[in-house]
Amino acid sequence: MVRTHDVCAPATPSAVAAHDLTPLPLAAVTLAPEHELGAWQHLNREQTLPHVIARLESTGVLDNLRRLTGASDAPFRGPHFADSDLYKTLEAIAWESARIPAELPWEPWSRDAAALLAAAQADDGYLDSHVQGMEGEPWTDMRWGHELYLLGHLIQAAVARERATGASDLMRVARRFADLAVATFGPACTREDGYCGHPEVETALVELYRHTGERAYLDTALAMLDRRGAGALGSAPLEPSYFQDHAPVREAREATGHAVRQLYLAAGMADAAAEVDDPGLREALAALWRSAHGTKEYVTGGMGSRHRDESFGEPYELPPDRAYAETCAAIASFQWNWRMLLATGDGRHADAMERALHNAIAAGIGVDGRTFFYSNPLQVRTGHDGAGENTASSRRDWYGCACCPPNLARLVSSLGAYVATGTERRARLHLYGAGTVRIGATTLSLATAYPWDGRIEIDVDGPLEELALRIPGWCIGAMLDVDGAEREARGGADGYARVRLAPGTHRLVLVLPMPVDVLDPHPRVDAVRGTAALRRGPVVFCLEQADLPPGVALEDIRLDLAVAPRVGPGVASLRAGATVLAEGIVRGTDGLPPLTALPRSSRATAASGMLPGRIALRAIPYARWANRAGGAMRVWIPVDEEVSTT
């Protein structure tokens, strides 16, 4: 049986903190294709999805499954968890079907993929093309095997497909595999290592419970959470904290280990906590959030400061040039914060979603929709060679571990689901973008160029009694006009300004001032002392070598804050609606002895006698870097310090 809220996407708790946090059907939100979020969805549909589908074929992901049915004799290719890229792509196609109900050109492809998976599936429901194709033994490597991780993404694709199209072909495959997992790893399991080295299945099993009403799926997710932290996955060559296996989940207080694993685990914990009364999970989630967002988050919303193990570092360990900040980690952070928002109603979670979406996530894909970043540094030095495909300074059209491109595709196709929540009487707007939102009998029509402009016009037509508007944490001095009456718009304790409405039509105009903010780094972040970052609204900006004159190295640029940075015109080729113009000083360093400390009184004259020169600077949105010529880039810019020589 499919439950009555099956049309919602992608995470739909059985209960929410308040009625105005009730998720909406994906088709209830239409984002205007000529503005930022809608344009991204259009690009995703026209470029990203076709590209991803083609690469699944060319890189052997589908052949890995075909060889199980005898339809291919090609050797296994790709990482052993490559099946997950197919599942994420199927999920993206499903959400596209919900967004634009007319049949997509990929629906036959999705049907064929579901049939292939059914044919490849073992008699007991097990499905893993690597283990089956290599004649391995299932469930023998819980540390690295990723088998339950694959099941998680399969479940999410199946739920999306059934909710969006009503097709149950993929759901039949997913439930057979899920039922095997319940029998193997449910509450009766006595294996100490009865959980996955890569969390993901927990959030999926909870959603499968919500979708089907089958309690065994929820109980199995809870049992896996209960087991984690015993260290049963082992400790060589990586320590248990890499797998979040160093402490029971209810005792964990610090975000640690592999960033994507940690964030997917937190999403699963939040889903479980939404379904059962578990103060321990809620307390742990609050502590993990404070750790991740209070001490380990880049200004762009990126997560994970260490290339080694793709992991979180220590508190305030946030080097810009060594930032790993994997695209999938930013997506996982977005998904976790969505669940926290539904559970708490606290606008800071929507702020975190917005920050990641417009910066760390958007940076992961080029303006062509077909090139990507795996890691997202905040600084690239002149001459960086991009050694290693995951540390490149130019975008690639695919990766050996291709988790990020299809992950981007599934998020962008479902973006409308995160814009608003509510019921017939009360609603909230969380993310701002041009388009329409239909809530019961009420239609909200939004006109805005956000995030490039802070003016948001909202026409309300219907019986809605209350509308809550998020006042972003970065905003000072927001104003709200309701039917011609203007007032200051102050967010309440939860960060939302509420407007009471009588039935009928209303015009609301929310104005969020967007000056250029000059951000000082946290004093404990040693790596960026003496620098500043530029932000306007939710968008973080960067300097890029492409905007400097020939012969001027980005490393020699200093920001002159005696002249206030100001808003500049957009760059159409970058799909950027604004830039930031600032004044800088070029201080040559060619004459400095290598790696030699100099007295302060000597620094100004040591560089080959070169006098500092002034330069006009143009900063572009960080999310749009590396779409032109290659070269250096930086978010945190050294601030010029006048040096006395007397």
Side-chain angles (χ1 to χ4, degrees), residues 1-12 23-29 41 44-45 48-50 52-53 56-57 61-62 65 82-121 125 127-129 149-179 181 200-201 203-214 217 271 331 335 405-418:
M1 178 186 72
V2 177
R3 301 175 76 176
T4 55
H5 60 232
D6 63 325
V7 294
C8 296
T12 310
L24 301 176
L26 193 62
V29 178
Q41 284 196 318
N44 188 59
R45 180 186 177 92
T48 307
L49 264 171
V52 168
I53 290 169
L56 290 179
E57 188 67 72
V61 173
L62 293 170
L65 289 157
D83 294 358
S84 62
D85 296 333
L86 170 61
Y87 300 149
K88 283 180 277 190
T89 304
L90 287 168
E91 183 183 347
I93 292 171
W95 296 138
E96 274 295 305
S97 299
R99 190 173 74 86
I100 303 177
E103 183 170 294
L104 290 172
W106 311 300
E107 174 57 23
W109 186 88
S110 295
R111 287 196 295 265
D112 290 346
L116 174 60
L117 290 164
Q121 192 167 31
L127 182 57
D128 181 329
S129 69
Y149 171 83
L150 295 179
L151 171 60
H153 280 300
L154 172 60
I155 289 171
Q156 289 174 323
V159 169
R161 180 160 170 77
E162 191 161 79
R163 286 180 178 174
T165 70
S168 299
D169 47 2
L170 195 59
M171 180 60 70
R172 288 191 291 271
V173 175
R175 290 197 68 172
R176 289 187 64 213
F177 197 2
D179 290 344
E200 212 281 337
V201 72
T203 185
L205 282 171
V206 176
E207 199 63 31
L208 187 58
Y209 154 71
R210 294 166 175 168
H211 185 68
T212 65
E214 178 54 63
Y217 300 134
D271 276 324
I331 293 171
Q335 294 170 337
N407 214 3
L408 282 162
R410 71 171 180 144
L411 175 68
V412 176
S413 64
S414 63
L415 271 181
Y418 309 105

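Only this structure's heavy atoms are used, side chains among them; waters, hydrogens and symmetry mates stay out. Worth saying up front: this structure is predicted, and the values here are computed from it rather than measured.
- Thr48 is not listed as a side-chain neighbour of Val412, based on a closest heavy-atom distance of 4.5 Å or more.
- The closest donor-acceptor contact from the side chain of Gln156 to the backbone of Glu91 lies at 3.5 Å or more, if one exists at all.
- Taking 4.5 Å as the limit, some side-chain heavy atom of Leu65 sits within range of a side-chain heavy atom of Leu86.
- Within the 4.5 Å cutoff, side-chain heavy atoms of Trp106 are placed close to those of Pro50.
- Note on Arg175 versus Glu162: no salt bridge recorded, every NZ/NE/NH1/NH2 to OD/OE distance being 4.0 Å or above.
- The shortest distance between side-chain heavy atoms of Arg210 and Asp271 falls below 4.5 Å.
- Under the 4.5 Å side-chain criterion, counting only non-hydrogen atoms from C-beta, Val52 is not in contact with Lys88.
- Side-chain contact check for Asn44 and Ser413: no donor-acceptor pair (N or O, by modelled atom type) lies under 3.5 Å.
- In this structure, CG in Leu170 is found 8.0 Å from OH in Tyr87, a value given to the nearest 0.5 Å.
- Here the straight-line distance linking atom NE2 of His211 with atom CE of Met171 works out to 4.0 Å at 0.5 Å rounding.
- A pairwise comparison of heavy atoms in Thr89 and Pro406 identifies OG1-CB, 3.6 Å as the closest pair.
- Between Trp95 and Ile100 there is no side-chain heavy-atom pair separated by less than 4.5 Å.
- Annotation: the span from Glu57 atom CD to Ile53 atom CD1 amounts to 10.5 Å, rounded to 0.5 Å.
- With rounding to the nearest 0.5 angstrom, the CG atom of Leu154 is 11.0 Å from the CG atom of Asp128.
- Side-chain contact between Gln335 and Ile331 is present, with heavy atoms from C-beta onward closer than 4.5 Å.
- A salt bridge links Arg161 to Glu107: one of the charged nitrogens lies within less than 4.0 Å of a carboxylate oxygen.
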side-chain contact (heavy atoms from CB on, under 4.5 Å) between Trp109 and Ile93, intermediate numbers included: CA-CA 10 Å; Trp109 186 88; Ile93 292 171; 3.7 Å; yes
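- Taken from CG in Leu56 to CG in Leu90, the straight-line distance is 8.5 Å, to the nearest 0.5 Å.
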Which is it for Arg111 and Asp169 under the side-chain contact (heavy atoms from CB on, under 4.5 Å) test, yes or no, and what are the steps along the way? CA-CA 8 Å; Arg111 287 196 295 265; Asp169 47 2; 4.1 Å; yes
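- Ser414 contributes a side-chain N or O that, together with a main-chain N or O of Leu411, makes up a donor-acceptor pair within less than 3.5 Å.
- Remark: Asp85 CG to His153 NE2 distance equals 8.5 Å, nearest 0.5 Å.
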Between Tyr217 and Asp179, does the side-chain contact (heavy atoms from CB on, under 4.5 Å) criterion hold? Intermediate values first, please. CA-CA 8 Å; Tyr217 300 134; Asp179 290 344; 2.6 Å; yes
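- When atom types are taken as modelled, the side chain of Glu200 and the backbone of Leu150 share no donor-acceptor pair closer than 3.5 angstrom.
- Inter-residue side-chain proximity for Phe177 and Leu117 is flagged as unmet; no heavy-atom pair is nearer than 4.5 Å.
- Side-chain N or O atoms of Asp83 include one that pairs as donor or acceptor with a backbone N or O of Ser129 at under 3.5 Å.
- The two residues Thr165 and Ser97 have their closest heavy-atom pair at CG2-CB, 3.7 Å.
- Residues Leu49 and Glu96 approach most closely at CD1-CG, 3.7 Å, considering heavy atoms.
- Of all heavy-atom pairs spanning Ala98 and Leu26, the tightest one is CB-CD2, 3.7 Å.
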